Structure formats: structure tokens, C-alpha cells
Amino acid sequence: MAAAAGCPVSGSASRATFSRAAGLRTSAAAGGSTLPRRIILWFRNDLRLRDNVIIHQAVQKIRSTEYDEVLPVYCYDPRFFALSPWGLSKTGRYRASFLTECVADLSAQLQSLGSGLLVAVGQPETVIAAALE
């Protein structure tokens with residue numbers, strides 16, 4: 001999917017996809033009995049890859065073998081799509097459409113790098129806690 005005009009940048013993939021694409025193995029995959037050390041990249045408002053500081057830091061930590069894998073995550077938080085106290089939608093249909101296009105573009109970009117994007121609907125504090133298990 002092409003980037004939407006003005007869209008900063010962006011599916012679903014297994015948790016270890018990013019590390020496999022980088023030629024890295026998780027501790028479990030390497031024969032160890034410990035759980036992999038995982039970095040969660042929680043995309044919120046900045047959906048760009050090109051100049052994103054957290055991406056650069058995650059790559060450095062993987063290269064230094066401080067961590068084994070990266071899990072990129074985006075959560076559609078229902079609270080942002082609820083009605084305001086005045087009865088108005090917090091996120092209008094055009095903004096929602098733009099956001100959906102940006103998330104799809106981020107996912108496509110990550111897939112072109114051999115990774116994926118875990119896209120979930122739910123409160124991020126619940127979704128990310130589940131991803132850590």
C-alpha cells in the first residue's frame with residue numbers, strides 16, 4: 001500500500017520476525033532454555049521509520065546482543081474513538097481513515113524489512129502486557 005499524502009509512514013506478524021530478518025536468533029531458538037529478551041516498540045503518534053529514534057536505539061541494542069528480538073506494536077485504543085463528554089466523536093472518520101492508512105503503510109514498510117507489525121484493538125496497557133508474556 002502506498003503512503004497516503006502527508007502520511008508519516010507503516011499488519012500482523014510473529015513476535016520473532018524482526019530478529020529473524022536481522023539474522024538473529026532468540027535464546028530459545030538458539031537452544032537456550034531462557035525466554036528471549038524482547039524490545040517492544042510501541043508506535044503511538046510517530047509512525048515513521050526513516051528518522052525514528054526508537055527504531056535506531058532498538059537496532060543498536062539488538063546488534064549489541066543486549067536484546068534478542070523486537071516486537072513492533074500499534075494499538076487502536078478504543079478510548080480515542082469514544083464520544084467526548086459533549087457527545088462528539090474524539091476521532092472523526094477522516095482522521096480514522098488517515099490513521100488506518102498510516103498504520104497499513106507502517107506495516108508494509110516493516111514487512112519490506114522482513115519484519116511485521118502487531119496491530120491490536122484494545123487498551124495498550126493490556127495489549128502490551130500480554131505481548132510481554
Side-chain angles (χ1 to χ4, degrees):
M1 173 179 276
C7 183
V9 194
S10 262
S12 301
S14 70
R15 294 178 177 164
T17 304
F18 188 84
S19 59
R20 281 196 306 264
L24 303 169
R25 288 188 257 180
T26 63
S27 300
S33 61
T34 61
L35 292 174
R37 297 164 301 166
R38 181 178 302 139
I39 297 173
I40 303 285
L41 290 182
W42 176 20
F43 288 93
R44 295 178 58 190
N45 296 320
D46 185 358
L47 301 180
R48 297 171 295 151
L49 288 183
R50 179 168 268 179
D51 61 348
N52 195 319
V53 174
I54 66 166
I55 302 271
H56 176 73
Q57 290 174 345
V59 167
Q60 297 305 320
K61 289 183 181 291
I62 292 289
R63 286 185 180 157
S64 72
T65 67
E66 190 176 339
Y67 288 88
D68 301 312
E69 63 185 25
V70 175
L71 175 61
V73 176
Y74 182 83
C75 296
Y76 285 100
D77 190 336
R79 294 172 289 202
F80 296 130
F81 296 89
L83 293 178
S84 72
W86 300 277
L88 302 172
S89 178
K90 289 183 179 179
T91 303
R93 68 177 174 164
Y94 295 114
R95 170 117 176 91
S97 177
F98 175 75
L99 181 59
T100 300
E101 290 175 17
C102 290
V103 170
D105 189 53
L106 175 61
S107 177
Q109 288 188 32
L110 287 166
Q111 286 179 353
S112 75
L113 296 172
S115 182
L117 180 65
L118 173 63
V119 179
V121 176
Q123 295 180 349
E125 56 271 23
T126 304
V127 171
I128 291 172
L132 289 170
E133 295 176 353

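Quick caveat: nothing in here was measured; it's all calculated off a predicted structure.
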Worksheet item: Less than 4.5 Å apart, any side-chain heavy atom of Glu125 and any of Cys75?
Response: no
Worksheet entry | Gap between atom CD1 of Ile62 and atom CD of Glu69 - 0.5 Å precision | 7.5 Å
Worksheet item: Is the CZ atom of Arg79 crowded by more than 12 outside heavy atoms at less than 6.0 Å?
Response: yes
Discussion item. Strictly distance-based, threshold 3.5 Å: is any side-chain N or O of Thr100 a donor or acceptor partner for the main-chain N or O of Ala96?
Written reply: yes
Response to the item:
Minimal heavy-atom distance between Gly116 and Pro72, with the atoms involved, is O-CG, 3.3 Å
Discussion item. According to a hydrophobic-cluster definition based on side-chain heavy atoms being under 4.5 Å apart (Ile, Leu, Val, Met, Phe, Trp, Tyr only), do Trp42 and Leu132 belong together?
Written reply: yes
Item to complete: Grab the two heavy atoms, one from Phe80 and one from Lys90, that are nearest each other, plus how far apart they are.
Response: O-CB, 3.4 Å
Worksheet item: If you round to the nearest 0.5 Å, how far is NZ of Lys61 from NE2 of His56?
Response: 11.0 Å
Worksheet item: Could you state the interatomic distance from CD1 (Ile39) to CD (Glu66), rounded to the nearest 0.5 Å?
Response: 7.5 Å
Worksheet entry | side-chain contact (heavy atoms from CB on, under 4.5 Å) evaluation trace for Ile54 with Asp46 | CA-CA 10 Å; Ile54 66 166; Asp46 185 358; over 6 Å; no
Discussion item. Once rounded to the nearest 0.5 Å, what's the spacing between atom CD of Gln123 and atom CD1 of Ile128?
Written reply: 11.5 Å
Discussion item. Would Phe43 and Val119 count as a side-chain contact (heavy atoms from CB on, under 4.5 Å) here? Give the steps.
Written reply: CA-CA 10 Å; Phe43 288 93; Val119 179; over 6 Å; no
Item to complete: For the residue pair Leu113 and Leu49, establish whether any side-chain heavy-atom pair is separated by less than 4.5 Å.
Response: yes
Practice prompt. Using the rule that two of Ile, Leu, Val, Met, Phe, Trp, Tyr join whenever any of their side-chain heavy atoms come within less than 4.5 Å, decide whether Val59 and Val53 are in one cluster.
Written response: no
Worksheet item: Can you tell which of Leu71, Val70, Leu118, Val127 makes a side chain to side chain contact (heavy atoms under 4.5 Å, CB included) with Ile40?
Response: Leu71
Discussion item. Restricting to non-hydrogen atoms, name the atom on Asp77 and the atom on Phe81 that form the minimum distance, rounded to 0.1 Å.
Written reply: O-CD1, 3.3 Å
Discussion item. Applying a strict under-4.5 Å side-chain criterion to I, L, V, M, F, W and Y, I'd like to know whether Leu99 and Leu83 cluster together.
Written reply: no
Worksheet item: Nearest heavy-atom pair of Leu47 and Arg44: which atoms, and what distance?
Response: CD2-O, 4.0 Å
Worksheet entry | Pairwise distance CZ(Arg48) to CD1(Ile55) - rounded to 0.5 angstrom | 11.0 Å
